[in-house]
Structures are given as C-alpha cells and as structure tokens.
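Inspection log for the structure reproduced underneath, given as structure tokens.
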Amino acid sequence: MSVEERVREQMELISSGTVEVIPEGEMRRKVARSLETGRPLVVKLGVDPTRPDLHIGHSVPLTKLRHFQQLGHQVVLIIGDFTALIGDPSMQDATRPVLTEEEVEKNARTYIEQAERVIDTKCARVVRNSQWLSPLDFKDVLEIASRFTVARILERDDFSRRYREGKPVGLHEFLYPVMQAYDSVVIEADIEIGGTDQKFNLLAGRNLQRSMGKEPQCIIILPLLEGTNGVRKMSKSLENDVGLTDPAGEMFGKLMSIPDDIIWDYFRLVTRVGSAAIEQLKGRVENGEVNPRDAKERLAVEVVGIYHGPKEAEEAADEFRRVFSMGELPGRIPPVEVPRSRFRAAGIWVVDLVVSLGLASSNGEARRLIAGGGIAIEGEKVEDADLELTPEQVDGKVVRKGKKTFVRVELV
RNA sequence: GGGGGAGUGCCCGAGUGGUUAAAGGGGGCGGACUGUAAAUCCGUUGGCGUAGCCUACGCAGGUUCAAAUCCUGCCUCCCCCA
C-alpha cells in the first residue's frame, strides 16, 4: 500500500464522527510525515478531574483517542489536576466552585480507572499538569500570559456574554485557556482533541505553540453527546447521563429511553459499529423495515457490551424484554429490610411501609404516590392510603413504585 | 471611596398588609397512551396517621389583631461613577 493510500485510510478513521478538523491539510501532512519517518504523532486529550464519575459522553473523545492508538500513535491523557483548581469556565454561566486538592486527586484516580475501559492505558501516557504548572513562578506566568491579549480572550463568547450581562468573570478564569495551551507546548502535542465547547481553548494551544516557536497542533472537534432525554448535553447534574459504571441493566434501560432521533448520534459516537453498518440500519428504520425500538435495542446491546461484556449485554436485553415488554417481574429484585417494630396491633400502615422501603421520602409523598395509583403490592394497586397490613401480607412480597422500581419486603 | 438595585419553594419567576403553603412556567414524580421513545393529556410537587396543626419568602429584631409584603440592623450578590 502506498503512503498516500495509508494516509487516506488513517484520515478516514481520524475524521469519522468529528465536527471539524482544523486545519485539515495540515493534519494530512502530519500523518504523512509520521508514516514516512515512523515517528508517531503525539495526540493530546486534557480532562478535568472536577467530578468523580464519568458518563458515556466522556467516552466520546476517549474513543477518538483509541482510534489513534489503533493507528499506532502516541496518546497523552492529561489529567488537569492543576487546572481543575480553577475549573474550566467554558460554556458556564458562572464561575465554577473551587475544588480542594484532595477532591481533585480522588477524582483523578477514578477518572483514570474509568478511562481504562475505553483506551489502552498501557501504551498511553497519563500525566498530570500540576507537574509543570505548579513549579511556574509569577514571572513565568506573566511571560506566558503576555502572549495573549485581552481582546483575544474576550473573543470567547462565554466570556464576552457574561461580561456583557454583568456577570462576574474572574481574572483567574482568563488564565484557564492559557494553562491548557501551555500543556500543549510542554508535551509538544501534534494534535489535540476536544468537544465543541473546547474550540477556543484548543485554538489557544495552537497559537501559543506558534508564539513559543513550536510546531502548532492540529485540532479535532467532536460533537457533544446529547443527554438521554435528548435535550442539553449529557451531564450528571442534569440527570440525563449514562454512567460508565452504571450496572448493565440500568445502562440498558437508560439507553432504551432515549428519543428516536438521537439513536444515530449515539451509534456513531459511543459504539464501535462502523459507519456503513450504521447508515444501513438507519435506512431500514427510515423505510419502516425496522422498528426504531429494535434499533435502539441494538444500540443498547452494543454500548452495554463495551462496558460489561457481550454476555451481560445479552442478559440485560433479555431481562428488559421480560420486564418491560412482557410485564413480568425482574429476575433480581433488591430486598429491603423493614423492622417488625413498625407494626402495631392493626398492622403496618401502607404509607409507613412505602416510606420504610425508601420509595418515598415522607408520608406526604407516599400518600400522593398512592393517591396517584403509583404503588402496587404483588401486582395489585393500592387504592386506600389508610390501609393496614399484617406481617404475613407484606413479608417477602414485591412492592412496585411506578413502572421501574421494584423492591422485595424483608421483615427483620 | 460615592450612588443605585436585588435576595421568594428544586430552578426561573409573580406577589407590596389579611381570602397566600404563596400565580405562572420549567424540571421532578405518578397516571393514560406506547416501543420504559418522542409528542400529547391528566394528577401531583414543605412536614405531620392530614377536614386540623406546624414550619416556610437571605439573617436577626421591631410595628400590627394580622407581615413574603411596613420599619431597623446585619449578611450576600450585582450595576453605575471614581
């Protein structure tokens, strides 16, 4: 295979699923040079350990890193333990709360652990940016900062918007892109990967490298994965995320609940299914040959398979069909202990039972749930909120809240 | 340093003396319809064994029969001028 063909082949994988590759021609030249000299490209992904758990949205850039690994390039995962102390202001409405060093360290560890599920950390470099950012003194910082202008930084629309709207912008926040850019200088990145919200920061790296006499990096912009409700990007705080460590069944269920029109983005961004196969499936759904539900099931099986293995994925699919398509009870229903002391002469009050089982956080909520027909014991809807039940009527029985929550009563 | 404005329930936001557990919207939760989809519709969304009571409108006091609403002090945030 000629170098030219191999370049084309690499470029195809590199640019699949991306929003933008900037600048494309330069990227091509870097790839070609790498092939000619045998020197792998240095591919950078910076992550902020601001939160302990990752979701499949975070796996999007990691998956792209994995592509580069497949092509034999050197990937560098930068844990922004230093930058996390400031918090990336990108797309934020307000200054982020400052984390303590302990929190950052703890998050960093779980981050690496979870990243291992997607990339091969054995041949990746994992580094912390405190390593080089910490030792800088004020003079160094000024020297680096002088290479940026305020006008330039204000181009970033989240800054200018907040400024315009009279919301505070901390001076230290201006330094965030500067630090991220400096990371690129230090590790001599050839390529940096990031989401659309990172475009400014990625470009800053390119500019700083040039200004400091290094070869500027190319940048790859990836789309942000939408949350399971189809609105806003995926985020734990918006409760529309699929956690990388979610149990298989839960992960499956969450994926089955996404709106139809984002199925294809999920396929492209978080599965390993090739784009030809995705297009084919999409076509069959569009002409009515395949029910979108089944396409979604395929998606769920694929994704759960990545994190839990194919066997568990199939089991989750079976379980799902049993419980939700056929209305049967789940195979495993978590038992919840209820102390016998809750019983009085007349028995236990349903409202109390529901609260004791953790299905409601107050009597009032339990009452409302019952009034709304959301509680069933052994498949039978509870109609009366004043109902009293004997120990025999509840021990070992299945209490269901809504359609998704099942618990088994265990008297102790 | 000077002047001005704002703090209401999970969030946004109305309310300027009683009929206000506080309009409306969002979100959440439940129900119907389904493919645990979306859209739509309905109900619900402080606590208490609940026709009653308690707690709640930044915090602390005060006026009043009665305060989210009026007064005083404090805290926090924002804007404008310097």
Side-chain angles (χ1 to χ4, degrees), chain A residues 92-95 97 161-170 226-232 235-242 246-267 282 285-286 288-301 303-304 316-330 342-377 380-389 399-406:
Chain A
Q92 298 287 316
D93 291 334
T95 306
R161 181 168 38 81
R162 276 163 61 190
Y163 184 68
R164 216 181 320 115
E165 289 171 3
K167 289 182 176 157
V169 179
E226 286 167 282
T228 52
N229 53 6
V231 287
R232 310 281 302 275
S235 137
K236 175 112 176 165
S237 46
L238 293 172
E239 294 182 316
N240 62 1
D241 65 313
V242 178
D246 282 350
E250 196 178 320
M251 204 181 243
F252 199 95
K254 283 180 179 178
L255 290 163
M256 286 304 280
S257 78
I258 65 170
D260 290 356
D261 47 351
I262 64 173
I263 293 174
W264 315 111
D265 283 336
Y266 272 53
F267 259 115
K282 188 179 177 195
V285 167
E286 275 162 5
E289 215 179 302
V290 172
N291 185 327
R293 197 213 83 98
D294 298 326
K296 223 150 65 173
E297 185 180 278
R298 168 84 193 281
L299 169 74
V301 168
V303 177
V304 174
D318 287 343
E319 173 85 354
F320 186 86
R321 273 192 292 267
R322 255 206 321 279
V323 177
F324 296 107
S325 303
M326 293 153 78
E328 292 173 20
L329 288 178
R342 289 285 190 176
F343 288 81
R344 302 162 151 235
I348 190 171
W349 183 30
V350 234
V351 167
D352 195 13
L353 178 70
V354 170
V355 173
S356 302
L357 290 169
L359 300 178
S361 54
S362 70
N363 288 5
E365 191 184 330
R367 278 173 181 283
R368 279 176 234 126
L369 229 31
I370 291 166
I375 295 291
I377 298 174
E380 200 162 323
K381 195 176 278 186
V382 176
E383 310 274 3
D384 177 14
D386 293 321
L387 191 66
E388 301 280 348
L389 296 153
V399 179
R400 178 174 186 167
K401 177 204 154 199
K403 19 187 168 182
K404 306 175 199 178
T405 318
F406 298 82

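Note that these values count all heavy atoms, side chains included, but never hydrogens, waters or copies made by symmetry. Every chain is numbered from 1, with letters handed out A, B, ... down the list of sequences.
At a threshold of 4.0 angstrom between heavy atoms, the contacts of A:E250 with the nucleic acid are absent. Nucleic acid contact class of A:G253 (heavy atoms, under 4.0 Å, all strands): base. Nucleic acid contact for A:R400: none, since no nucleic acid atom lies under 4.0 Å from a heavy atom of the residue.
Remark: side-chain polar atoms of A:E250 are not paired, donor with acceptor, to backbone N or O of A:D246 under 3.5 angstrom. Judged by distance alone, the side chain of A:R298 and the main-chain N or O of A:A300 form no donor-acceptor pair under 3.5 Å. In this structure, the side chain of A:T228 does not engage the main chain of A:I258 through any donor-acceptor pair within 3.5 Å.
With respect to A:R322 and A:E319, a salt bridge is recorded, a charged nitrogen being found less than 4.0 Å from a carboxylate O.
Across all their heavy atoms, A:K296 and A:L255 have their closest contact at CG-O, 3.8 Å. In plain terms, the two heavy atoms of A:K401 and A:L359 that are nearest each other are CD-O, 3.6 Å. When all heavy atoms are compared, the tightest approach of A:W264 to A:A295 is CH2-CB, 4.0 Å. Of all heavy-atom pairs between A:R293 and A:F320, the closest is NH1-CE2, 3.9 Å.
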Polar atoms only, N or O, under 3.5 Å: list the protein pairs with nucleotides 50-53 of chain B and their distances.
| residue | atom | partner | partner atom | Å |
| --- | --- | --- | --- | --- |
| B:U50 | N3 | A:R367 | NE | 3.4 |

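Contact annotation: side chain of A:K296 to base of B:U36, donor-acceptor pair absent below 3.5 Å. Judged by distance alone with a 3.5 Å cut-off, a donor-acceptor contact links the side chain of A:D260 to the base of B:G35.
Across all strands shown, B:G43 forms a Watson-Crick or G-U wobble pair, both distances under 3.5 Å, with B:C29. With both pairing distances under 3.5 Å, B:C59 is matched to B:G73 as a Watson-Crick or G-U wobble pair. Here B:G1 sits opposite B:C81 as a Watson-Crick or G-U wobble pair (both hydrogen-bonding atom distances under 3.5 Å).
Closest-nucleotide positions on RNA chain B for A:L369 and A:K404 were compared, and the one nearer the 5' end corresponds to A:L369. Comparing A:F252 and A:R342 by the nucleotide of RNA chain B whose heavy atom lies nearest to each, the residue mapping closer to the 5' end is A:F252.
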Exercise for review: Decide salt bridge (Lys or Arg N to Asp or Glu O under 4.0 Å) for A:R321 and A:E297; before the verdict, give the C-alpha distance in whole Å, the side-chain angles of both, and the deciding distance to 0.1 Å.
Suggested key: CA-CA 10 Å; A:R321 273 192 292 267; A:E297 185 180 278; 2.7 Å; yes
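For the segment residues 350-360 of chain A, no residue has any heavy atom less than 4.0 angstrom from an atom of RNA chain B.
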